[in-house]
Amino acid sequence: MRRPDAPVRAILGPTNTGKTHLAIERMCAHSSGVIGFPLRLLAREVYERVKALKGEKQVALLTGEERIVPPQARYVLCTAESMPVRTGRDDRPKEGPFPDQFAFAAIDEAQLGIDPERGHVFTDRMLRARGREETLILGSDTLRPIIRELLPEAEIVSRPRFSTLRYAGNVKLSRLPPRSAVVAFSAEQVYALAEMLRRFRGGAAVVMGALSPATRNAQVAMFQRGEVDYLVATDAIGMGLNMDVSHVAFAGLEKFDGRRDRRLTISEMAQIAGRAGRHQRDGSFGTLGLGGDEGATFSDEEITAIEEHRFRPLDFIYWRNPELDFTDVGSMIRSLELKSDDPLLRPAPEAIDLAVLKQVAQDPVVAAKRGVAARRLWAVCGLPDFRKVGPMHHARMVRRLFSYVGEGGHVPHEWFAAEVARLDNVNGDIEALADRLAGVRSWAYIAHRADWLADPAKWAERTREVEARLSDALHERLTQRFVDRRTAVLVRDIGARGSDALPVTVAADGEVSVGPEPIGHLAGFDFRVDPSARLADKRLLLAAAERRLGDELDRRAKSLVEAPDQTFELVIESDGRPAVGWQGNVLARLAPGRALLEPAIRTSRALDQLSAARRAELRARLETWLEAQVERNLRSLKKLGLAATDRSSSAGVRALAAMLGDAGGVLPRRALAASIAILEHDDRKTLHKLGIRLGPLDVFVPALLRPASQQWRAILQSVRTNQPMPALPPPGASTLDGEADARGAAFAYRRVGRQWLRIDLADRLASHAHKVRSAGGDQPVDSELATSVGLDEASVARLMDEVGFARSGEAWKWRGRRPPRREQRSAGSHAFAELAKLKT
């Protein structure tokens with residue numbers, strides 16, 4: 001029995017007044033206690049807090065789908081429906097170690113007595129749940145006249161809001177301040193808003209009534225940890241969720257209440273808006289600008305009422321008779337529909353349990369149940385419609401369940417196991433996972449009825465495991481779809497200033513990260529966005545890189561300006577164009593310049609991110625490197641250029657040097673025959689000093705036949721003619737087969753039949769033939785040399801023909817030098833002749 005002086009207090013006030021915290025403190029001061037909450041989520045949150053204070057063994061959690069009851073439990077946190085108050089529905093024996101009456105009792109959010117679906121439960125607990133030593137009724141100030149009339153003995157204590165709540169007007173989604181919650185009233189709109197926030201601000205947590213408590217907890221925790229700065233929710237946010245929200249934005253002010261679309265009441269608006277601000281930190285509320293939608297607009301009256309916490313007092317609450325008549329099913333229904341004599345207690349609209357009872361009672365077999373069987377029927381009808389399928393469909397499951405337990409039997413474990421196994425599937429999209437979670441919550445509720453299952457502990461554990469897996473999978477899907485942590489980090493970083501800016505790091509492999517999140521890869525001076533990034537996010541990543549990589553790029557450029565020549569390298573791009581590179585990355589491309597040996601440098605677009613001064617310094621350094629390469633590998637070619645303009649030399653020397661220099665250092669002798677014919681003895685001496693060899697077949701500079709010189713001659717010619725780089729022969733090769741690239745071979749090889757022969761070797765064979773002829777010999781071919789270099793007989797014959805010998809049987813006869821017909825000219829001679837036509 002409750003002591004006559006045991007106080008009943010009503011702690012009334014707006015949201016954010018610390019009423020729940022007060023109830024926890026008061027309960028922990030007593031030897032035992034119970035608090036009924038409107039949500040399983042809130043009951044679970046407070047359970048964790050009290051468990052930390054009192055120890056795991058002394059605290060119990062009771063909800064429809066979850067029951068944690070240690071043998072020594074003295075403090076119970078539960079949903080309002082699960083409060084251990086003896087009701088007409090509860091046909092079970094007393095559960096656990098709970099006393100007949102707790103020393104302390106409290107009901108939270110008692111103003112929910114006005115809720116059409118659950119209001120009668122909160123009204124019943126407010127009127128009948130009492131603590132032996134103390135009772136608290138927590139709720140909105142709108143409940144004051146109801147408390148005064150129904151509980152005149154209760155002391156009413158007002159609790160003011162700790163912080164100020166102000167109207168902030170209409171805000172576009174793209175300009176929503178951080179730590180905001182957006183409230184919508186349909187799953188489709190919640191998903192659409194979350195998707196837009198992912199694109200604009202890196203993502204949002206999602207909270208809806210259809211999610212499991214575990215999933216909602218995980219989403220809220222993600223918001224609380226600051227992984228995302230935004231939360232999109234249904235009006236489920238308005239009750240029980242304690243979060244660090246600074247602003248609440250309403251995407252709409254109308255909702256479907258199960259019967260019709262209607263505008264939110266001012267109390268409902270205030271309940272949701274009151275989530276903004278915490279303790280002594282002020283908050284704001286407003287509407288969300290969505291494409292000029294003028295529908296979501298607060299009236300002046302509504303704004304004033306919310307800001308000043310002035311709402312119309314409740315003039316009734318919903319009530320349903322708790323004293324049921326179980327004589328038969330008809331009597332039970334009539335007792336449930338019994339009206340109260342008190343005008344403040346309005347008959348509750350037909351809730352889902354009563355609607356289902358009427359559905360199954362249409363079966364004459366069910367309608368005939370009496371006494372204990374009727375009581376069991378009512379308990380089965382209390383199975384919540386977690387799937388939201390409506391009375392008709394939900395009644396089918398209730399009817400089957402009652403067929404097993406109506407006469408004291410148990411649910412077949414085969415059916416139970418098969419249904420849970422069907423739901424134990426973490427594949428699918430968000431909607432599929434949410435639907436399976438709703439289904440498994442029904443089986444979890446059944447598993448916690450010890451009188452409905454033969455082994456309830458086993459099946460409770462099984463459903464808990466499945467629900468946990470599905471909740472984790474749903475949280476993961478929501479995060480994958482609506483959260484881009486990288487974008488969220490960058491959005492915060494772009495708004496940061498000074499020491500608040502996140503550090504940018506470039507790993508050894510070039511990976512660029514801002515704070516903890518990788519945003520792309522820096523190759524040389526070229527930043528490439530992470531390929532896994534969504535297309536819509538790439539612009540943001542590029543903006544972040546441009547903002548944060550300036551110092552790193554400048555440091556790299558300065559380092560290259562001061563670097564030795566070995567730092568740079570020649571790069572042949574995929575299109576065959578030559579370029580200057582660093583660590584495999586293109587810094588600049590070569591373009592036609594004033595002369596063959598003076599190509600221009602065109603820096604790559606990646607260097608445009610550098611300042612103009614730094615880019616000019618780097619271009620000058622690359623030009624210096626290029627000049628050094630030309631000097632090292634084509635010094636003889638440079639000498640030819642100087643000789644061509646040296647007025648102290650004869651006209652014949654200048655002409656020959658000019659033509660030979662333009663051709664890259666190699667020309668067929670017959671192409672220079674006229675110039676050679678006018679050379680004096682001193683001219684030949686001058687040409688010898690220049691390193692020029694006037695061979696029997698070709699005029700060339702032996703120093704330019706080295707592989708490095710061949711490569712650079714090919715590079716400069718390809719740049720000059722704006723053609724791709726030709727394929728060059730292998731370094732040191734004496735002969736090439738006929739399939740070799742003629743453009744690449746022509747720089748150092750002569751075509752002889754089906755083969756190419758290096759020019760200096762062709763010169764040795766031709767010189768040997770002339771020496772033998774001058775000495776009167778009849779074997780002009782140096783067979784040993786020809787064999788060693790790999791010439792076949794046809795190629796030897798072609799070469800001797802070029803020299804002036806014709807084969808007659810086993811002997812060679814001199815037929816004299818004569819210009820061959822055009823069609824007989826070797827491909828190599830033709831290639832060099834073509835090169836000779838190129839002028840700067």
Side-chain angles (χ1 to χ4, degrees), residues 8-17 19 36-38 80-81 106-130 135-161 165 185 235 238-240 253-274 298-323 336-352 354:
V8 177
R9 293 191 179 91
I11 311 297
L12 307 180
T15 304
N16 191 14
T17 60
K19 297 189 294 292
F37 295 98
E81 287 83 351
I107 178 70
D108 193 23
E109 304 290 359
Q111 78 278 359
L112 285 180
I114 198 66
D115 182 76
E117 182 68 27
R118 305 171 64 205
H120 63 88
V121 176
F122 288 85
T123 298
D124 179 77
R125 303 303 185 259
M126 181 177 67
L127 296 177
R128 301 200 305 129
R130 292 291 179 269
T135 301
L136 292 185
I137 299 171
L138 313 176
S140 167
D141 200 61
T142 58
L143 197 61
R144 185 181 297 268
I146 301 294
I147 299 291
R148 283 177 176 167
E149 290 295 327
L150 296 180
L151 303 172
E153 78 281 8
E155 175 190 358
I156 298 177
V157 180
S158 296
R159 297 276 292 189
R161 181 181 168 94
L165 185 63
F185 297 95
D235 51 348
M239 199 165 297
L253 293 174
E254 290 189 352
K255 65 176 287 187
F256 180 72
D257 63 4
R259 294 174 175 82
R260 61 185 176 87
D261 286 314
R262 63 170 178 81
R263 189 175 179 86
L264 300 174
T265 66
I266 295 180
S267 295
E268 289 171 333
M269 295 176 184
Q271 186 74 29
I272 297 169
F298 287 100
S299 68
D300 292 340
E301 178 187 358
E302 289 166 341
I303 294 171
T304 301
I306 294 171
E307 288 184 336
E308 298 180 5
H309 315 299
R310 291 190 286 112
F311 312 113
R312 180 180 176 180
L314 298 180
D315 52 10
F316 73 90
I317 53 178
Y318 288 114
W319 174 87
R320 189 165 72 182
N321 179 27
E323 303 298 333
L336 281 166
E337 294 179 330
L338 187 68
K339 296 181 180 180
S340 171
D341 295 333
D342 194 320
L344 295 179
L345 300 178
R346 182 173 297 183
E350 187 174 88
I352 186 71
L354 180 54

Among all residues two or more places apart in sequence or in another chain, which pass the ring pair (Phe, Tyr, Trp, His ring centres under 6.0 Å) test with Phe122? none
For residues Lys339 and Trp319, report the shortest heavy-atom separation together with the two atoms involved. C-CZ3, 3.7 Å
Any residue meeting side-chain contact (heavy atoms from CB on, under 4.5 Å) with Leu151, in chain and number order, not counting sequence neighbours: Met126, Leu127, Arg130, Ile137, Ile147, Glu153, Ala154
Test salt bridge (charged side-chain N to carboxylate O under 4.0 Å, His left out) applied to Glu155 - qualifying residues, sequence neighbours left out: Arg9
Working to the nearest 0.5 angstrom, can you tell me the gap between Leu12 CG and Gln111 CD? 9.0 Å
Check side chain to side chain donor-acceptor pair (under 3.5 Å) between Thr304 and all other residues, then give those that pass, not counting sequence neighbours. none
Report the residues that fulfil side chain to side chain donor-acceptor pair (under 3.5 Å) with Glu254, sequence neighbours left out, ordered by chain and then residue number. none
Once side chain to side chain donor-acceptor pair (under 3.5 Å) is applied, what residue pairs with a partner in residues 112-123 remain, sequence neighbours excluded? Glu81-Arg118
Is the shortest side-chain heavy-atom distance between Pro343 and Phe316 below 4.5 Å? no
Under 3.5 Å donor-acceptor, Glu149 side chain and Ile146 backbone: no
Trace of the side-chain hydrogen bond (donor to acceptor under 3.5 Å, both in side chains) decision for Arg144 with Ser158: CA-CA 10 Å; Arg144 185 181 297 268; Ser158 296; 2.5 Å; yes
Measure the shortest side-chain to side-chain distance between Leu354 and Arg320 over non-hydrogen atoms and say whether it is less than 4.5 angstrom. yes
If you define the side chain from C-beta out and look only at heavy atoms, does anything of Leu136 sit under 4.5 Å from Ile107? no
Sequence neighbours excluded, which residues qualify as side chain to side chain donor-acceptor pair (under 3.5 Å) partners of Ser340? none
Taking only residues two or more places apart in sequence, or in another chain, which ones meet Glu307 in a salt bridge (charged side-chain N to carboxylate O under 4.0 Å, His left out)? none
side-chain contact (heavy atoms from CB on, under 4.5 Å) with Pro313: which residues, sequence neighbours excluded? Pro145
Arg125 CZ to Leu112 CG distance, which is reported to the nearest 0.5 Å: 13.0 Å
Results of side chain to side chain donor-acceptor pair (under 3.5 Å) for Thr142 - residues two or more places apart only: Ser140
In chain order, what residues pass the side-chain contact (heavy atoms from CB on, under 4.5 Å) check against Ala273, with sequence neighbours excluded? Leu165, Phe250, Phe285, Ile306
Does a side-chain heavy-atom distance below 4.5 Å link Leu264 with Lys255? yes
Sorted by chain and residue number, the salt bridge (charged side-chain N to carboxylate O under 4.0 Å, His left out) partners of Arg310 (sequence neighbours excluded) come out as Glu308
